[in-house]
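The block underneath contains the structure these notes are about, expressed in structure tokens.
Proteins get letters first, then strands, A, B, ... in listed order; numbering begins at 1 in each.
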Amino acid sequence: MSTLALHQAILLHRRDWRESSALLELFSREHGRLGVIARGWRKRPGWTASLQPFQMLTLGWSGRGELLNLRSVESAEQQWRLPGRRVYCGLYMNELLYKLLPRQQPEADMFACYLQSLDALAAGAPEAPVLRIFEKHLLLALGVALPLSAGDADIDSAARYRFVPGQGLHKLPPLALANDAAVISGDALQALQHERFTAPGQLAACRRLLRLALATELDGKTLHSYDLLQQAGS
Amino acid sequence: MSPSSQQGQPQQDSGEDALQYLLRTLQVLPGVGQRSAQRMALHLLERNRSGARELAAALQLAMSEVRHCRQCRNLAVTELCGICRNQNRDQSLCCVVETPADVMALEHAGVYSGRYFVLLGRLSPLDGIGPEQIGMAELEQQLAANLISELIVATNASIEGEATAHYIRELASRHQVELTRIAQGVPSGGDLEYVDKNTLALAFNHRLPMR
């Protein structure tokens with residue numbers, strides 16, 4: 001019998017599947033988002049406690065095609081405790097990954113960003129910057145035309161830009177009269193590019209822009225955890 | 001939904017005889033597939049027809065009589081369930097649980113003499129279940145009416161249970177109602193060596209002074 005390869009992954013969502021099984025949506029380090037079936041999971045010792053979100057799991061699975069079969073679960077080596085409303089932030093990130101990442105497409109950078117975000121949330125860092133940086137990396141992973149990687153061309157901090165879905169950012173002429181959600185200051189864009197928010201208002205401006213870009217990607221799908229965050233006043 | 005199914009009339013498929021219809025409908029039960037359905041149908045038809053008639057009547061009656069309690073949302077045959085009507089129970093104590101099965105477990109344990117609020121689910125944004133679906137508006141009304149002195153959260157020890165507990169905490173603090181949560185830790189009679197890491201961590205974080 002060949003040895004089962006083990007993979008590191010974090011559970012995004014678990015849903016009941018048929019009578020006694022569960023369908024796990026995982027985000028794995030090497031293979032991106034995956035759908036894995038855990039057969040009879042409630043009766044397997046240790047599976048119920050381990051198969052929870054926000055834990056680094058070491059899993060073995062078999063099969064090919066869209067849905068794989070879970071074969072082994074090693075107890076979680078790392079766990080992120082997200083107290084209070086931070087659990088909503090964690091669920092928000094999970095919902096975004098679940099709804100936007102295609103299955104079985106490796107996303108190593110995004111996985112690293114997800115881990116960093118969980119670290120920051122568990123360590124008590126302010127939530128808004130963590131979420132904005134996460135959203136930016138997710139949009140970059142999805143190939144959205146936002147010139148926001150560290151190495152991208154200079155953004156003029158004194159200018160204003162308009163985000164056009166499918167095209168990216170257009171610099172506005174200095175005296176253009178435009179003040180809708182798609183317009184953002186160069187200053188706020190620079191803050192997002194360098195992931196350092198210093199002036200008040202930058203985070204709110206970036207949130208509007210990222211929301212707009214994400215809404216285009218979500219294509220009408222509702223983000224339920226975003227509503228929860230809103231109600232809780234983030 | 002067709003008008004006939006709304007009235008609970010049979011939805012026998014054309015070309016399906018009474019036996020096939022029974023075999024198919026028995027499979028609505030959890031854990032019952034084709035083989036078990038066949039075993040049950042043959043048992044009822046060949047060995048216990050009177051029992052089968054009684055079962056049919058009981059199902060009919062339960063479907064028309066059983067609803068959700070106006071106050072706690074648990075299954076009930078009257079507008080207010082037996083627990084909510086019972087004046088010997090402390091009606092100012094309210095324990096929030098996810099399902100009617102949780103109420104049954106707590107009642108069976110016989111350790112609690114207040115009333116309940118049954119969520120009939122838990123906050124689970126990825127399944128599209130938000131505060132409205134789990135009766136948070138009703139719970140808030142009850143908190144605002146000042147009838148509850150202590151709210152006890154007994155949601156499951158899962159991430160969704162945690163998110164639900166946090167939502168309830170916000171509600172309780174808005175209405176200044178005392179909020180407690182059932183303890184989590186080592187099961188009674190359990191050996192530490194077999195307890196999983198997360199449970200041990202919770203048990204340590206929630207340790208109590210020894211008196």
With a 4.5 angstrom heavy-atom cut-off, which part of [X] approaches chain A: side chain, backbone, both or neither?
X	result
B:Thr199	neither
B:Tyr194	neither
B:Leu123	side chain

Practice item. Check whether A:Glu95 gets within reach of chain B through its side chain, its backbone, both or neither, counting any heavy atom under 4.5 Å. Key: both
Point to revise | Engaged part of A:Phe54 at the chain B interface, taking heavy atoms whose separation is under 4.5 Å | key: side chain
Whether the [X] and [Y] side chains hold a donor-acceptor pair (N or O, under 3.5 Å, no angle test) is what I'd like checked.
X	Y	answer
A:Glu195	A:His137	yes
A:Tyr114	A:Asn94	yes
A:Arg39	A:Ser21	no

Check your understanding: Would you call A:Glu25 and A:Arg14 a salt bridge, using N to O less than 4.0 angstrom?
Key -> no
Review point. Does CD in B:Glu132 sit with more than 12 non-hydrogen atoms of other residues, nucleotides or ligands closer than 6.0 Å?
Key: yes
Review point. Of all of B:Gly128, B:Pro125, B:Ser124, which one pairs up most often with chain A through heavy atoms under 4.5 Å apart?
Key: B:Pro125
